[in-house]
Amino acid sequence: MLTIHNVTKHYDKTEALKDVSITIPGGTCYGLVGPNGAGKSTLIKMITSIIRDYEGKIEFNEKEITDKTKQKLGYVPQEIILEEDISAFSNLQMFGRLYNLKGNSLNHRIKEVLALIGLSDRGKDKVSTFSGGMKRRLNIGCALMHNPDLIIMDEPTVGIDPQSRKYIFKMIEDLKTAGKTVIYASHYMEEVEKLCDYVAFLDRGEMIENGAISELLQQYAIPSIYVKGSGILQDTLEQYGTVSQEDGAFILYTEKALEAMEHIISHCRENRLEVERLELVHPRLEDVFFRLTGSNLRD
Amino acid sequence: MKAIMFVELKKHLQDKGLAFWMLILPILFTVLFISVFTTGDNEAVNQEIIQSIVPGYIVMFVFFIMISMVQVFIKDRDRGMTARLASTPLKSYYYLLGKWLPFTYIVIIQIVVLFLFGKVVYNVSLGQPIILLILSLFITFTVTAIGLAMALTVNTENMGIAITQIIALGGAMLSGLWMPLEMMPDFMQTIAHFLPQYWAHQSFQDAMAGTTQVSELLQTLGVLFAIGAAAFIIAIIRYPYFLKRAVK
Ligand SMILES: Nc1ncnc2c1ncn2[C@@H]1O[C@H](COP(=O)(O)OP(=O)(O)O)[C@@H](O)[C@H]1O
Ligand SMILES: [Mg+2]
């Protein structure tokens, strides 16, 4: 379990984090979500003790983070930080040694991790010859060498091909199955919704809300209906709730979704309007964030 | 620490730029200047000139390791590797040591290779090889300590390269590595006594000729060590600031 108690961090003038408290239960995948500049990376650097001067307290299993605790903690930085002029194998070797792996067990683990990140056949090649996606995977591999209990990933899927993304998702699923705790920072809501059990929303340095994703969806997301057809007017729909337009269709947000659907169907029948699609929309994490901040998270 | 050291050695061994600055260029300079300055017929004078030029260019070119030192540290700082490593159990002073030691190996190898080159190609005498080795170890410490202090102090790579040029070339000129000190004005001869290059060059020549006097050797070793130690202390003082900047 990782607990973040009332942490505040200033960079010269900007206040990057304001009195943030989060408890991350062991064995879960915990999403940190927020737009660029929200303070995700800052918080992660504090957890990994890269940043040390801040107010507040961070504890791992009720203890302060020391060199011994670091042994249980793996960090995947937002930027790709690797030794480019040496092989993938040598990079993993370096990180293994940093965590006191040696000899046969080190070599064995390197092979294991290479397989895990899908680079077994490229292990001997220089990192500088790798594609962005391959480097991203190696970036993650370096954090996994010492088989940590807590893996902290800072936007591990930024700017990569769909295939590598899929690979990374599978790795995270495997880590979850193995009982590891994963902290996953991202500004892609869909990813967090797909991978994580819990989420904390950060915005401009403040933690706005956190909790189990399923509960947050229930609590905040307003059910909505997708309506597409010819001749259906926005005014008609607005008597049931708020309406927004999307690609020639309407999205109607209403607490009484089923009732509204019945009304729409009968309204269309009476007026001989053609309905192309009419369906209940599954509530999204994005909607929760929108509800909480009044702003969208898209790039 | 080994983790860092092995990776650094691996990188250095592949670094063609480093091989060029540390070995190829000094060999080219040595060959060029020897051919320019030994056009006279007097064999004895020519050999004397060679006995001065070979250690002269060794002393001058050991300083070029500083460029590589600056590059390694600034690059690590700016691309986030220094910060990345702070998340691992590696102690920050082992990081420093792991980066520094490989440079000392390179400089030692450089000095040995260049002396052997002088021996094989120009048949310079290496009268007191043990003393030459001791001197080499001390000058290696001095140079890499200055390099470390600079690498942890400068803001940019370019600034580091500029300062290296000043120290290496300016020091070489003022210390009589290019032309005999006796040909230079008095005040310049005085300045020379404050430069490690001057002491190293003098003592190298004595040891090659086999005429080392203990008191002079100790004086040189003392000067080299004092300058190196001072630089090392500066490096230690600068290190926390370097780390702070690396966290950006
Ligand atoms: N080294 C730094 N110096 C000054 N300001 C910084 C630094 N790092 C981050 N910030 C500022 O802190 C805020 C949070 O940044 P960051 O933690 O990187 O956010 P995120 O990872 O969510 O995009 C931003 O306003 C950013 O500009
Ligand atoms: Mg970030």
Side-chain angles (χ1 to χ4, degrees), chain A residues 9 11-12 16 41-42 44-54 65-87 89-103 106 126-128 139 142-143 145-146 148 150-154, chain B residues 1-21 67-69 71-103 106 155 157 239-248:
Chain A
K9 168 73 189 169
Y11 292 107
D12 307 325
S41 296
T42 301
I44 283 178
K45 284 178 188 168
M46 285 156 59
I47 299 171
T48 51
S49 61
I50 291 172
I51 293 176
R52 286 159 210 238
D53 62 332
Y54 58 84
I65 294 178
T66 59
D67 282 350
K68 213 171 145 203
T69 345
K70 283 180 182 175
Q71 191 76 31
K72 298 200 169 83
L73 198 146
Y75 166 51
V76 181
Q78 181 173 351
E79 298 79 25
I80 293 168
I81 302 176
L82 299 165
E83 291 290 354
E84 300 261 340
D85 299 329
I86 58 176
S87 65
F89 188 97
S90 299
N91 270 276
L92 294 173
Q93 193 178 42
M94 173 175 91
F95 279 96
R97 283 191 177 129
L98 287 171
Y99 291 93
N100 301 320
L101 292 176
K102 290 186 186 76
L106 174 59
K126 264 195 198 181
V127 175
S128 54
N139 207 33
C142 289
M145 275 304 292
H146 57 297
L150 170 64
I151 300 102
I152 306 167
M153 303 191 175
D154 197 352
Chain B
M1 183 196 73
K2 268 197 207 154
I4 302 296
M5 202 172 79
F6 287 154
V7 167
E8 286 305 301
L9 280 172
K10 227 174 258 170
K11 288 192 317 199
H12 293 329
L13 287 177
Q14 295 176 11
D15 186 351
K16 295 194 182 69
L18 190 63
F20 176 76
W21 282 103
I67 292 182
S68 187
M69 293 183 83
Q71 284 172 336
V72 162
F73 278 97
I74 301 274
K75 212 171 143 202
D76 255 27
R77 182 194 75 189
D78 290 348
R79 76 202 167 103
M81 183 56 93
T82 312
R84 167 83 181 85
L85 292 174
S87 74
T88 73
L90 177 75
K91 298 241 187 314
S92 63
Y93 283 96
Y94 283 142
Y95 167 76
L96 197 61
L97 215 56
K99 292 270 161 186
W100 172 58
L101 284 177
F103 287 113
I106 292 172
N155 287 325
E157 207 177 301
Y239 192 42
Y241 297 98
F242 172 85
L243 289 179
K244 210 164 184 183
R245 236 192 114 162
V247 173
K248 285 271 164 188

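Chain letters run A, B, ... following the sequence lines, proteins first and then strands; every chain starts at 1. Just so you know, these numbers use all the heavy atoms, side chains as well, and skip hydrogens, waters and symmetry mates.
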Region of A:Leu82 that comes under 4.5 Å of a non-hydrogen atom in chain B: backbone
Pull every donor-acceptor pair under 3.5 angstrom between chain B and chain A and give the atom names with distances.
| unit_1 | atom_1 | unit_2 | atom_2 | d |
| --- | --- | --- | --- | --- |
| B:Lys10 | NZ | A:Ser90 | OG | 3.1 |
| B:Lys10 | NZ | A:Gln93 | OE1 | 3.3 |
| B:Lys11 | NZ | A:Glu83 | OE1 | 2.8 |
| B:Lys11 | NZ | A:Glu83 | OE2 | 3.3 |
| B:Gln14 | OE1 | A:Lys126 | NZ | 3.4 |
| B:Arg79 | NH1 | A:Leu82 | O | 2.6 |
| B:Arg79 | NH2 | A:Glu83 | OE1 | 3.3 |
| B:Arg79 | NH2 | A:Glu83 | OE2 | 3.2 |
| B:Arg84 | NH2 | A:Tyr75 | O | 3.2 |
| B:Ala86 | O | A:Lys70 | NZ | 2.9 |
| B:Thr88 | O | A:Lys70 | NZ | 3.3 |
| B:Lys91 | NZ | A:Asp67 | OD2 | 3.0 |

B:Leu85: which of A:Ile50, A:Ile81, A:Leu98 passes side chain to side chain contact (heavy atoms under 4.5 Å, CB included): A:Leu98
Option in B:Leu243, B:Val7, B:Ile4 with maximal non-hydrogen atom pairs under 4.5 Å from chain A: B:Val7
Largest heavy-atom contact set with chain A, pairs under 4.5 Å, which of B:Ala86, B:Gly80, B:Ala246: B:Ala86
Residues which pass side-chain hydrogen bond (donor to acceptor under 3.5 Å, both in side chains) with B:Trp21, listed by chain and number, not counting sequence neighbours: none
